Novice: 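Structure incoming, see below.
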2 protein chains.
Amino acid sequence: MTVTIKDVARAAGVSPSTVSRVISNHPRISKATAEKVRRIMDELGYHPNLAAKSLVSKTTYTLGVFLPRPAEELFLNLFFAEFIRGIVTRASKSGYDILMTSCPSEQDEISALNRLMSGKRVDGIILLTSRRNDPVVQYLNEQQFPFILIGRSEEYPDVLSVDNDNVQASYDATMHLIKRGHTRIGFISGPPHLILSHDRKKGYEQAMREAGLEIREDWIIEEEFLQESGYRAMSILMSLSERPSALVVVDDIVAFGILRGLHELGYQVPQDMSLISFNNTALTELSSPPISSVDISIYQLGYLASQNLIHTIQGSYAGEPRTIVPHRLILREST
Amino acid sequence: MTVTIKDVARAAGVSPSTVSRVISNHPRISKATAEKVRRIMDELGYHPNLAAKSLVSKTTYTLGVFLPRPAEELFLNLFFAEFIRGIVTRASKSGYDILMTSCPSEQDEISALNRLMSGKRVDGIILLTSRRNDPVVQYLNEQQFPFILIGRSEEYPDVLSVDNDNVQASYDATMHLIKRGHTRIGFISGPPHLILSHDRKKGYEQAMREAGLEIREDWIIEEEFLQESGYRAMSILMSLSERPSALVVVDDIVAFGILRGLHELGYQVPQDMSLISFNNTALTELSSPPISSVDISIYQLGYLASQNLIHTIQGSYAGEPRTIVPHRLILREST
DNA sequence: CTGAAAGCGCTTACAG
DNA sequence: CTGAAAGCGCTTACAG
């Protein structure tokens, strides 16, 4: 019932080899033969069996997007969809599909990875988050399997990756507050095992030091990328006897929670507290007041990750291992 | 370099057939042999080649998520990530991966579909949106390829699908406003070619008729699922000499735009205008005031779509072709 | 420019 | 309980 290359060959009066060559646009096939074979393929409704093709060509035209263990919170964030959009858009331009796997538990990460790699299910892997001492990065690097990191690796700085200059971005955000006259600035960070949190905190500290301002431990809070985190952080922060007048916040959704927390406690933004956050997702524009945020071009990060990985797989990548996507401050009413 | 079934067989002193049987837990294999083979597989780091397996078994353990043409706007909406989360979570429970394809243009939809189906790339397909007269549904149905619709089909009512009772949901939402004493109620709808828009509008009209209230054409606006749509709709609606006092809105993100529009025009919610919308995404809780919304259990829709499709593929699905996920009204300050 | 043949890494009747 | 053999649908040297 399914029509194979043999059926086409028979109907066209040629050999299977010839049909295969027509499909792959082999140069040494006569125009006449190629046309005839193509017509027959159309008539019979031929479609190449991708598994068979993949078995012999060792290539799948598929990119794996690896969702690290607690993938749950990832999905709650607007940037996830935006990443995927960039990845899928660029991939389909080159005829690649995207395979998504989530692994059941953290200890199964390597075996989930192995299923994809050794099982020849994908040609390369996109890693969505960069954790410190990430075993997944270590493993992929050891195996010499094509992969790209969104973010960076401390242990393997030369690994293929697409990233922002998060230290600089956070420095810029903090400087913006300092220039606005703030001297008491706190930092609401994300999970400390994420390199992202780490880098942004570093940029904040740099700016503070450079301006000769005090970095207070009790004004630095490390939490999840969740709205509740920001909300809870305010209960803590606003009950201090000495409070900051401005906050740099690691992610929009956290800033959103902060806004809610402040609102409930009866504080005004930006009068009582200025806010600047990261990612510039739709949330920042939608909230009231709209939140200043550092645009990190999420779509672009995904798009370039796809592109550079594909080029690497095809052996045509000539760029630097690290691609830095520029950021820019989008100032709104919260500062 | 890659270790195959043959290498394992040689090292274990058995035939490839036996190794294959051990892998698939064939019942008639002696415990001793199975254990030895498993040990060797571990030692050698054997992983089955999925392409080879798929070629002979005609099965891929992959579900395709088909993103219909203008996929762009889909990604902007919070429900997209939530759908995917439900789909991926359930799929990975049964060892299935998710393949995402977007097709370059609308006319290529069928050929993109064919690549997946005839190319034996996926075992089944999940359709994320239901359009009226959807050629994709028609084609999949003709081809008898396993697929599931999130939503419903007018032409093929018995097609496998997971849906809400959108007519009832919208009826309930409208009735809620009516019970609150509103008599002048408008409806902000989505793209008319989506069945979703259609069903929700129908429920609105039913409730209005039943309550003996007037349905005014100029109080029904059909727009995209975008924030700007809601925003723009307010410029139109609020410039009318006779205005509604409440709105049923097809999607949260549109309601969000409406909120912004009303705010800028100097109107208060719910004093000047009550709002109830659909989907109950994070936006509704985050906006100020928080928006009443109909929770449609997006995660559950995705989860069940995955589940029912997998069961259908495996021939064990015994349920009705249509699964209706219950909705419930989440009332907040906007009504 | 084209064909016959071998092989990619599996599975599965068939036989014992 | 296990093995030899054929075959899934392709590609690709090798030969002409």
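Quick caveat: nothing in here was measured; it's all calculated off a predicted structure.
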Novice: Just to be sure I understand the rule, does A:Ser17 reach a base, reach only the sugar-phosphate, or reach nothing, if contact means heavy atoms closer than 4.0 Å?
Specialist: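 Base, at least one base atom sits under 4.0 Å.
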Novice: Could you tell me whether A:Arg10 and A:Asp7 make a salt bridge, using a distance below 4.0 angstrom between a side-chain N and a carboxylate O?
Specialist: yes
Novice: Just by distance, with hydrogens left out, do A:Asp123 and A:Thr60 show a side-chain donor and acceptor under 3.5 Å apart?
Specialist: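 Their side chains do contain a donor-acceptor pair, which is all the 3.5 Å distance test asks for.
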Novice: So B:Thr18, base contact, sugar-phosphate only, or nothing? Heavy-atom distance under 4.0 Å.
Specialist: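 B:Thr18: backbone/sugar contact only, no base atoms under 4.0 Å.
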Novice: Would you name the heavy atoms of B:Ala81 and A:Phe80 that are closest together and state the gap between them?
Specialist: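 Heavy-atom minimum between the residues: CB-CD2, 4.0 Å.
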Novice: Test side-chain hydrogen bond (donor to acceptor under 3.5 Å, both in side chains) on B:Thr89 and B:Arg85 and set out the steps.
Specialist: CA-CA 6 Å; B:Thr89 302; B:Arg85 188 168 72 91; 5.5 Å; no
Novice: In dot-bracket, 5' to 3', how would DNA chain D read with Watson-Crick or G-U wobble pairs under 3.5 Å, [ ] for crossing ones and | for pairs to another strand?
Specialist: |||.||||||||.|||
Novice: Do other residues, nucleotides or ligands put more than 12 heavy atoms under 6.0 Å from A:Glu142 CD?
Specialist: yes
Novice: Need one value for B:Ile29: base, sugar-phosphate or nothing, where a base atom within 4.0 Å counts as base even if backbone is also close, heavy atoms only.
Specialist: sugar-phosphate
Novice: Rounding to the closest angstrom, what is the interatomic distance between C:dT2 and C:dA6 at atom P?
Specialist: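 C:dT2 and C:dA6 have their P atoms separated by 23 Å.
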Novice: Regarding B:Lys58, tell me which of base, sugar-phosphate or nothing describes its non-hydrogen contacts under 4.0 Å with the strands shown.
Specialist: sugar-phosphate
Novice: Which comes earlier along DNA chain C counting from the 5' end, the contact point of B:Arg28 or that of A:Thr33, where each point is its nearest nucleotide?
Specialist: A:Thr33
Novice: Which value, in whole Å, describes the distance between the P atoms of nucleotides D:dA13 and D:dG9?
Specialist: 23 Å
Novice: Can you tell me how far CZ of B:Phe147 sits from CD1 of B:Ile313, rounded to the nearest 0.5 angstrom?
Specialist: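 That separation rounds to 12.5 Å.
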Novice: Specify the residue among A:Ser57 and B:Gly13 whose closest nucleotide of DNA chain D lies further upstream toward the 5′ end.
Specialist: B:Gly13
Novice: Give, for atom CG of A:Asn308 and atom CG of A:Leu160, the distance between the pair rounded to the nearest 0.5 Å.
Specialist: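 Answer rounded to 0.5 Å: 6.0 Å.
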Novice: Please state whether the rings of B:Phe225 and B:Phe79 are parallel, tilted or perpendicular, taking 30° and 60° as the class boundaries.
Specialist: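 Answer is perpendicular, since the angle exceeds 60°.
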Novice: When you list every nucleotide of DNA chain D with an atom under 4.0 Å from a heavy atom of chain B, which one comes first 5' to 3', and which comes last?
Specialist: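 Range of nucleotides touched by chain B: D:dC1 to D:dG9.
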Novice: A:Glu35: what forms a side chain to side chain contact (heavy atoms under 4.5 Å, CB included) with it, not counting sequence neighbours?
Specialist: A:Lys31
Novice: Can you tell me, in whole Å, how much space there is between the P of D:dC1 and that of D:dA5?
Specialist: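 Straight-line distance between the two P atoms is 24 Å.
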Novice: What nucleic acid atoms does A:His26 come within less than 4.0 Å of, heavy atoms only: base, sugar-phosphate, or nothing?
Specialist: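 A:His26: no heavy atom of the nucleic acid under 4.0 Å.
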